[in-house]
J.: 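Pasting in a structure now, in structure tokens, and then I'll have a few things to ask.
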Amino acid sequence: MKVIVVGAGIAGLTLANFLTRAGIRAEVFEAAAEIRPLGLGVNMLPHAGRLMRELGVFEEMRRRAVETRESTYFNRFGQHVYSEPAGLAAGYDIPQLSIHRADIQEPLLTAFQAAAGPGHLHLAHRCAGFDQDADGVTARFIDTRSGEALPPVRGDMLVAADGIHSVIRRQLHPDEGEPVYSGVNMWRGATVLPPFLDGANMCRVGWLATGKLVIYPIRNDVDGRGNQLVNWVAELEMAEFRRDKRDWNQEGELDEFIEPFKDMAFDWLDIPAMLRRTESILEYPMVDQDPLPFWGQGRVTLMGDAAHPMYPRGSNGAGQAIIDGAALARHLAAGGPIAAALRAYEVERRPATAAVVLANRRNPPDVILREVYERTGDRPFRRIEDVISRAEMAALTDRYKQVAGYALDKSAG
């Protein structure tokens, strides 16, 4: 069996590795002319980490990453709201990794090339669409560098792992509506800083109405002096949906969002100084798409962001793509007809990912901060226990873990 995989990001490379392990030929086609370390931070939760361990790449990722020991919540006045252990500290059998996206992609690429051998990664191939018949699929490509058509590629099936602007998704769903804008715009960056708190915290600060941040270190000792590379995401409510910014690598401007954060100089972290020290800032509107009625037809299917783009909340986009790859490879390796395997994969994964998309809209983990914001009227509190109980906050985060598939009772083992 020859599987055409469109996209060499985390989703496509995860699938290619699992296929290769199962003895299935994967041919990976990537639009970029070279694989470069793009992107910023990702949190690899236990359900995804376990699959990386199965592929034999987890320890290399762990070596590069920061092992997250705690999730911590603060209001915009710097007051501690809630903390809960993460990864090994929470009782999982595998660490939670705060990691640069490139430090996931590169080990996956190395593993795939080592297992599959040379010649199975094809760069500068931008997919222009596909045709299929009863016997296979023909994918059409354009050379990214020259803009000229490349020879068509024939395979037994095709998988779209080509991200939020998937050409294959558009071909399958030509009448799909516009992206769903959350009303929130995001700016992202990474800054070299001394460790804050205990050097292994994933922090959520503030709330959207007045400005919210997610902050966590993704690399240790980046300069030989013990400093960390700290990833941050700033979120602000904004009526305007900037469609031209719907690209993970669009540059942003500090002056557009610094104002709500300028007084957040806390004893545990000087946030405005962190933002001002960032050399490169990226901007992205928080958008997703409504869950699709189907992912595939015949010998073609979707995975990752091409199948279920979601708000980047709860550290779950990359994780769900990794789970997609493992599930799809498992169904194909079972040996039945291709169309039946793709249907079984979709039956397993489409409802599960739709639930995460909707949970990220309504009640992501940082809903704790919304509750505190609303109950206090956006004022400092004397005791958090007078605002919300620890049991109620734990229930809010536990509910999300259940939906996302990494609750401790599901992930242990």
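We count residues from 1, following the sequence as given. As the structure is a prediction and not an experimental result, all values here were calculated from the model.
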J.: Under 4.0 Å between a Lys/Arg side-chain N and an Asp/Glu carboxylate O for E54 and R330?
T.: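 Here E54 does not pair with R330 in a salt bridge, since their nearest N and O are not under 4.0 Å apart.
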J.: Should V214 and E235 be marked as a side chain to side chain contact (heavy atoms under 4.5 Å, CB included) after you check the CA-CA gap, both sets of side-chain angles, and the distance that decides it?
T.: CA-CA 8 Å; V214 181; E235 303 174 17; 4.2 Å; yes
J.: Does the pair M274 and I215 meet the rule for a side chain to side chain contact (heavy atoms under 4.5 Å, CB included), with working shown?
T.: CA-CA 10 Å; M274 175 190 72; I215 309 166; 4.0 Å; yes
J.: Can you tell which of Y216, F196, F257 makes a ring pair (Phe, Tyr, Trp, His ring centres under 6.0 Å) with W232?
T.: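 That would be F257.
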J.: Taking 4.0 angstrom as the limit, do K262 and E259 come out as a salt bridge?
T.: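 Salt bridge: yes.
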J.: Do you know the tightest heavy-atom contact between N185 and P285?
T.: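 Closest approach of N185 to P285, heavy atoms only: OD1-CA, 3.3 Å.
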J.: Do you know which two heavy atoms are closest between V222 and R219, and how far apart they sit?
T.: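 It is CG1-CB, 3.6 Å.
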J.: Between A32 and L123, which heavy-atom pair has the shortest distance, and what is it?
T.: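 Residues A32 and L123, closest heavy atoms: O-CB, 3.5 Å.
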J.: Closest approach of K212 and L369, non-hydrogen atoms and distance?
T.: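 What the structure gives for the nearest pair is CD-CD1, 4.4 Å.
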J.: Salt-bridged, R62 to E67, with N to O below 4.0 Å?
T.: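 Between E67 and R62 there is a salt bridge, with a charged N closer than 4.0 Å to a carboxylate O.
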J.: The criterion is ring pair (Phe, Tyr, Trp, His ring centres under 6.0 Å); which residues satisfy it with H100, sequence neighbours excluded?
T.: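 For H100 there are no ring pair (Phe, Tyr, Trp, His ring centres under 6.0 Å) partners, ignoring immediate neighbours.
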J.: Please confirm whether the backbone N or O of P217 pairs with a side-chain atom of Q228, one donor and one acceptor, at under 3.5 Å?
T.: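 Answer holds: no.
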J.: Could you tell me whether the side chain of R169 and the main chain of A307 form a donor-acceptor pair under 3.5 Å?
T.: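 Checking the backbone N and O of A307 against the side chain of R169, a donor-acceptor pair under 3.5 Å is found.
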J.: Take R50 and D93 through the side chain to side chain contact (heavy atoms under 4.5 Å, CB included) test and state the conclusion after the steps.
T.: CA-CA 9 Å; R50 190 166 296 106; D93 65 336; 2.4 Å; yes
J.: Taking the six-membered ring for Trp, are F112 and H120 parallel (under 30°), tilted (30 to 60°) or perpendicular (over 60°)?
T.: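 The arrangement is perpendicular - the two ring planes meet at more than 60°.
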J.: Return yes when atom CD of E385 has more than 12 non-hydrogen atoms of other residues, nucleotides or ligands closer than 6.0 Å, and no otherwise.
T.: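 Atom CD in E385 is packed in, count exceeds 12.
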J.: Under a 4.5 Å cut-off applied to non-hydrogen side-chain atoms, are F381 and V81 in contact?
T.: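 Yes. Closest side-chain heavy atoms under 4.5 Å.
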J.: Is a donor on one side and an acceptor on the other found under 3.5 Å between the side chain of E84 and the backbone of M393?
T.: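 No, because the side chain of E84 does not come within donor-acceptor range (under 3.5 Å) of the backbone of M393.
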J.: Whether the side chain of R69 engages the backbone of D198 through a donor-acceptor N/O pair (distance < 3.5 Å, no angle test) should be reported.
T.: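 Between the backbone of D198 and the side chain of R69 there is a qualifying donor-acceptor contact (under 3.5 Å).
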J.: Please confirm whether the backbone N or O of I104 pairs with a side-chain atom of R64, one donor and one acceptor, at under 3.5 Å?
T.: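 Looks like no, no N/O pair under 3.5 Å.
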J.: Verify side chain to side chain contact (heavy atoms under 4.5 Å, CB included) between V6 and V167, making sure each step is shown before the conclusion.
T.: CA-CA 10 Å; V6 179; V167 170; over 6 Å; no
J.: Could you tell me whether a side-chain N or O of N17 sits under 3.5 Å from a main-chain N or O of L108, the two making a donor and an acceptor?
T.: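 Flag set: sc N17 to bb L108 pair under 3.5 Å.
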J.: Under the salt bridge (charged side-chain N to carboxylate O under 4.0 Å, His left out) rule, collect the residues that match up with R379, sequence neighbours excluded.
T.: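 Once residues adjacent in sequence are excluded, R379 has no partner under the salt bridge (charged side-chain N to carboxylate O under 4.0 Å, His left out) criterion.
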J.: Which label fits W295 and Y345: parallel for a plane angle under 30°, tilted from 30 to 60°, or perpendicular past 60°?
T.: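 Because their plane-to-plane angle lies in the 30° to 60° range, the rings of W295 and Y345 count as tilted.
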